[in-house]
Amino acid sequence: MEIEPSSASASHKDPSWPDEAALAAYRAWLPGVPSRAAVDRYLPDRHAAGASARSVIGRIKRQLVVFATSRAQADMAAVLVASSPFDRKLAKAAAAAIETLRGMPSPQPLIGDAVERWLPVRLVGVLRAAGIRTLADLTLRVPRRRRWWAGIEGLGPAGARHIEAFFAQHPALTERARALVTVAQAQELVPWERLVVPEDVDGSRGTFRAPRARCALAASNDYQAVNAWLSLHESAATQRAYRKKAERLILWAIVERGRALSSLTTEDAIAYRAFLRHPSPRARWVGAPQPRSSPAWRPFAGDLSARSAAYALSVLNALHRWLIEQRYVLANPFAGVKVRGGRPAQLDTSHAFAEHECKLVRVVADGLESSYGWSEPAAQRLRFMLDFAYATGLPISELVGALLGAIEADAHGDTWIRVVGKGHKAGKVVLPPLARAALDRYLVQRGLPVTPSKWRPYTPLIGSLGDDRNQISSWRLWRVMKRFFSTAADVVEEGTPALAEKLRLATPHWTRHTHATHLLQGGAELTTVRDNLRHASLATTSMYLHTDDARRAKQVTDRLAAPRS
């Protein structure tokens, strides 16, 4: 017997739960009591009416299956279908399912639910062919006028009456959908600090909200609760990363599912996992990186890799665990939701430039303003970022936050720069002559003194072109360097296509990989590179100890040459 997902919605009447006598007969039959004996003992009147004992037990089983299906418990329905006295394990599982289902309330439809969850199969195909996939889509097609269904090919008056009866049974759906669509049409997708949503989906009445009197948060809705979680993290970079993950989920929950964050189910979380890999509709969700103030801003720049999707789910899992700890919600829909192939990847040691490739790239950088249309200040800043990032191995997040006051000399005359890394962890990095020369040159170009005693401590290491006293943002720095890599790829395409391909894939973080690789190739000790990169483990740093494939093959071949005949 197969369970049809929409069989419970074929009738708008809620399936009834078997009475106690019927349950007693069924429970007696499950462990092995013959059906005749079970019915004679608990349902003598029904047996006397002429029905066979086996048919009586069969009707009770079907009644339980229909009830389980109506509660969206397909797994329990399947267990009940397969239950038999001849399989002790299945019989035990069926008995447990009955106890779980007893008294389970009828699920209430939400505007983001798919039409197949509530309507018969014969109607679902017709509706989906017309572009109607959710109850929100459908409720807007059922105005208070005659023959609203005429524009939906294949629906017909009988199907229309079935749908009208469903909405009549759940009148709140129409108002909820209209409120949501009005907001969505007015603002499309906007960053969450500008998001205005109806109370119905802001989480103030979330399905899984815990009792308010016991909640440790003053937050009245999901947005406020998530902001409280974000405020725990002092690092601005961490806050931005976590906000992006939470923002995407909140927008998706409201726009695609018609639900508040605190109303999401495990099924929603599983659907969101698939959405992360391929956000759609793409015109709504995906676009080139833009400032958050731009109308062209979109939450995604493209599909997420398995690793990125796994990271996003781990962040959302942590968010919900914290919300449970604060007694804001009762359940974590992301518990156990994982991505296949999403294990943390090893460092890709191909993300580094060889020394001769660095020289070619630097030649392109030298001609930015004279040959490739860059302004002189922008070209000077780019060359400094390229040289300083390579010389120090600093990542973007630390470069943009660095100040001149963080540079200091020790008693031995060595120069260091103090930085704050991941986890708000303070550290210091050697400032080698290459970095100091690049800095001195850039300071002169900015009209600033080279002598440290004359520096203003809060002057940013990398200034904004509009106002040199302001820091450049991480997003802007990333875009500037990506633009340069693209320019360089076009220049070297004809002579070195392999380098051009690498440049088109490169990100600013490749300068850090290149820094580590070249230090180790030059004979620097592994512990020295580890400390300068501030790795927690030598195992991480040792991943940069890759050798050239050709050199490795030659060394092994020379050592293990075949004997002469």
Side-chain angles (χ1 to χ4, degrees), residues 347 349 351-366 368 378-410 412-421 426-446 448 450-452 455 459-463 471-472 474 477-478 480-482 484-485 488 502-503 506-535 540-541 544-545:
L347 285 173
T349 51
H351 291 178
F353 295 108
E355 290 193 22
H356 72 278
E357 292 174 332
C358 287
K359 291 177 180 177
L360 280 174
V361 170
R362 194 59 176 76
V363 168
V364 176
D366 285 337
L368 285 177
Q380 291 168 346
R381 184 179 66 181
L382 184 282
R383 286 191 287 269
F384 168 70
M385 291 191 300
L386 206 60
D387 292 342
F388 198 86
Y390 167 71
T392 60
L394 290 176
I396 280 182
S397 59
E398 296 175 7
L399 277 173
V400 298
L403 303 173
L404 289 181
I407 297 174
E408 56 189 24
D410 62 16
H412 304 288
D414 297 319
T415 308
W416 304 80
I417 181 169
R418 288 179 283 103
V419 292
V420 178
K428 64 178 183 178
V429 172
V430 178
L431 217 63
L434 175 61
R436 185 57 203 268
L439 176 61
D440 289 349
R441 184 167 54 250
Y442 186 48
L443 290 174
V444 170
Q445 292 165 348
R446 292 164 67 183
L448 298 175
V450 174
T451 306
W455 289 346
T459 300
L461 194 69
I462 304 175
Q471 294 170 319
I472 185 174
S474 297
L477 173 56
W478 192 91
V480 167
M481 294 193 75
K482 282 291 289 183
F484 168 70
F485 288 146
K502 287 181 71 172
L503 284 164
T507 69
H509 206 70
W510 284 36
T511 58
R512 183 170 171 86
H513 294 321
T514 304
H515 164 87
T517 300
H518 289 187
L519 278 180
L520 292 169
Q521 288 176 345
E525 293 182 6
L526 193 60
T527 52
T528 297
V529 179
R530 176 201 62 188
D531 294 342
N532 211 50
L533 294 179
R534 285 149 297 128
H535 285 159
T540 304
T541 314
Y544 292 109
L545 284 171

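Only a predicted model underlies this, so the values are computations on that prediction, with no experimental measurement involved.
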Spacing of OH belonging to Y442 relative to CG belonging to L461, to within rounding of 0.5 Å: 8.0 Å
Using a 4.5 Å cut-off on heavy atoms from C-beta on, say whether the side chain of W510 contacts that of K502. yes
Working to the nearest 0.5 Å, report the span between CZ of R381 and CD1 of I462. 8.0 Å
Quick one, L404 and L439 - any side-chain contact, counting heavy atoms below 4.5 Å? yes
Closest contact, heavy atoms only, R512 versus P395: NH1-CD, 3.5 Å
Hey, could you give me the CZ/CZ distance between R446 and R441, rounded to the nearest 0.5 Å? 13.5 Å
Kindly indicate whether the side chain of F484, heavy atoms from C-beta on, has any atom under 4.5 Å from the side chain of V361. yes
Can you check whether T392 reaches V430 side chain to side chain, under 4.5 Å on heavy atoms? no
On a heavy-atom basis, which atom in L403 and which in P460 lie closest, and how many Å separate them? CD2-CA, 3.8 Å
Within a strict 4.5 Å, meaning less than it, do heavy atoms of the K359 and R362 side chains meet? no
Do the rings of F384 and F388 sit parallel, tilted or perpendicular, given the 30° and 60° boundaries? tilted
Would you mind checking if D440 and R436 are paired as a salt bridge, meaning a charged N to carboxylate O distance below 4.0 Å? yes
Residues passing the side-chain hydrogen bond (donor to acceptor under 3.5 Å, both in side chains) test with E408, sequence neighbours excluded, are R418
Ignoring hydrogens and geometry, is there a side-chain-to-backbone donor-acceptor pair from T514 to F353 under 3.5 Å? yes
Output yes when a side-chain donor or acceptor of K482 lies under 3.5 Å from a complementary backbone atom of P508, and no otherwise. no
Interatomic distance, CD1@I417 vs CD1@I407, rounded to 0.5 Å, equals 4.5 Å
Heavy-atom distance under 4.5 Å between the side chains of E355 and C358, does that happen here? no
Would you say that V429 contacts L394 through its side chain, given a criterion of any heavy-atom pair below 4.5 Å between the two side chains? yes
Indicate yes or no: at least one non-hydrogen side-chain atom of L434 is less than 4.5 angstrom from one of Y390. yes
List in chain and number order the residues that pass side chain to side chain contact (heavy atoms under 4.5 Å, CB included) with A389, two or more places apart in sequence or in another chain; answer none if no residue qualifies. L399, T511
